[in-house]
Amino acid sequence: MSDAQGENLRAALEVGYHLLERGAPAAAAVEQAIRALERSGLFNAGLGARLQLDGARRMDASIMEGRELRAGAVASIEGIVHPITAARLVMEETDHVLLVGPMATRFVKHFKLERKRNPALKQVSYDMMLKRARLARDRGGTVGAVALDCCGTVAAGASTGGIARMLPGRVGDTPLIGCGVYADNQAGAVSMTGIGEGIIRLVAAKTICEQLEKGETPASAARHVLKMLVARIQGSAGALVLAPDGRFAIAHVTPHMAAGWWNGKGKPVVGDRFR
Ligand code: ASP
């Protein structure tokens, strides 16, 4: 984690916490913390989102709140700075959960979200893209947040530009409710990062919530599912896990995961190893 990323994480934690302190709902804190990370260009989300193999920047994001189990998400959205706000608009302004592709982009045009020019598309044959997509994958830099507000509601969100060497149109776990994020006041809130294909196959965020509901601590619920991810499908991921009573865990089976937390006392804590 670079110093700039550390600073950006601290700033995002402060933005989120100060909103909660003033009585804002957990979903607002999650959205605003993620916006600070999307805007920095320092992570693989928003201004820093990586490109798909045809040179396009298609992004995914989702948000969920745990009181009424409301959720919103966008997938393969292009040309905007803040996909997390697009996801929150889907949650707040529609009866839907997920909008995709050009129609998601059209939806946010209606709300006049800040735009960002798309890079020019590359002329690459589909054969070549398929070959490149089969090379070993790497990941990194998806942003996410979980929060608990003064009314006892939890929320989770995530925003990403995906993984390296993605075929055009590839969608990962991030916009899939239950996979990349889940929030339920009776269980907790979870936001995942890592190779989305594995996270989807284990419905990881919801599975961690189910462990919390059974009475496991955030740390053991996360360990349980991350272990299963490695053992069953050689997956790779990290999780932010928050229980409704405020206990939390930052857990990962990747060598590093830049993350942090703050409960308003002292300075926000950030680091890149939490095992
Ligand atoms: N989970 C994201 C995806 O698969 C990538 C990441 O977390 O870095 O799209």
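All values below come from the heavy atoms of this structure, side chains included, with hydrogens, waters and symmetry mates left out. Remember, it's 1-based here, ligands and their atoms both numbered in the order they're listed.
- Heavy-atom minimum distance, Leu202 versus Met228: CD1-C, 4.0 Å.
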Could you go through residues 155-162 and list every donor-acceptor pair under 3.5 Å that involves a side-chain atom there, pairing it with any protein atom two or more places apart or in another chain?
from, atom 1, to, atom 2, distance (Å)
Ser159, OG, Glu38, OE2, 2.6
Thr160, OG1, Thr142, OG1, 2.6
Thr160, OG1, Gly162, N, 2.8

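- Taking only nitrogen or oxygen atoms, main chain and side chain alike, Gly194 reaches within less than 3.5 Å of ligand 1.
- Aromatic ring pairs are classed by plane angle as parallel below 30°, tilted from 30° to 60° and perpendicular above 60°; the pair Phe248 and Trp261 is tilted.
- The nearest non-hydrogen atom to atom 4 (O) of ligand 1, considering only Arg50, Glu197, Arg170, comes from Arg170.
- Taking every non-hydrogen atom of Gly162 and a distance limit under 4.0 Å, the qualifying atoms of ligand 1 come out as 5 (C), 9 (O).
- Between Thr193 and ligand 1, at least one pair of N/O atoms sits closer than 3.5 Å.
- Under a 4.0 Å N-O distance rule, the pair Lys116/Glu78 does not qualify as a salt bridge.
- Atom numbering of ligand 1 starts at 1 in the shown order; those under 4.0 Å from a heavy atom of Ile163 are 4 (O), 5 (C).
- Ligand 1 does not have Met166 within reach: every non-hydrogen atom of the residue lies 4.0 Å or more from it.
- The shortest separation from a heavy atom of Thr174 to ligand 1 is under 4.0 Å, placing the residue in contact.
- With Asn44, Leu176, Thr142 as candidates, the residue nearest to atom 5 (C) of ligand 1 on a non-hydrogen basis is Thr142.
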Test salt bridge (Lys or Arg N to Asp or Glu O under 4.0 Å) on Glu213 and Lys206; report intermediate values, then the result. CA-CA 10 Å; Glu213 217 171 347; Lys206 173 72 170 142; 5.1 Å; no
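- Between Glu93 and Arg88 there is no salt bridge, since no side-chain N of the basic residue sits under 4.0 Å from a carboxylate O of the acidic one.
- Salt-bridge annotation for Lys214 and Glu216: absent, with no side-chain N of the basic residue lying under 4.0 Å from a carboxylate O of the acidic one.
- The atoms of ligand 1 that sit less than 4.0 Å from any heavy atom of Asp173 are 1 (N), 2 (C), 3 (C), 4 (O).
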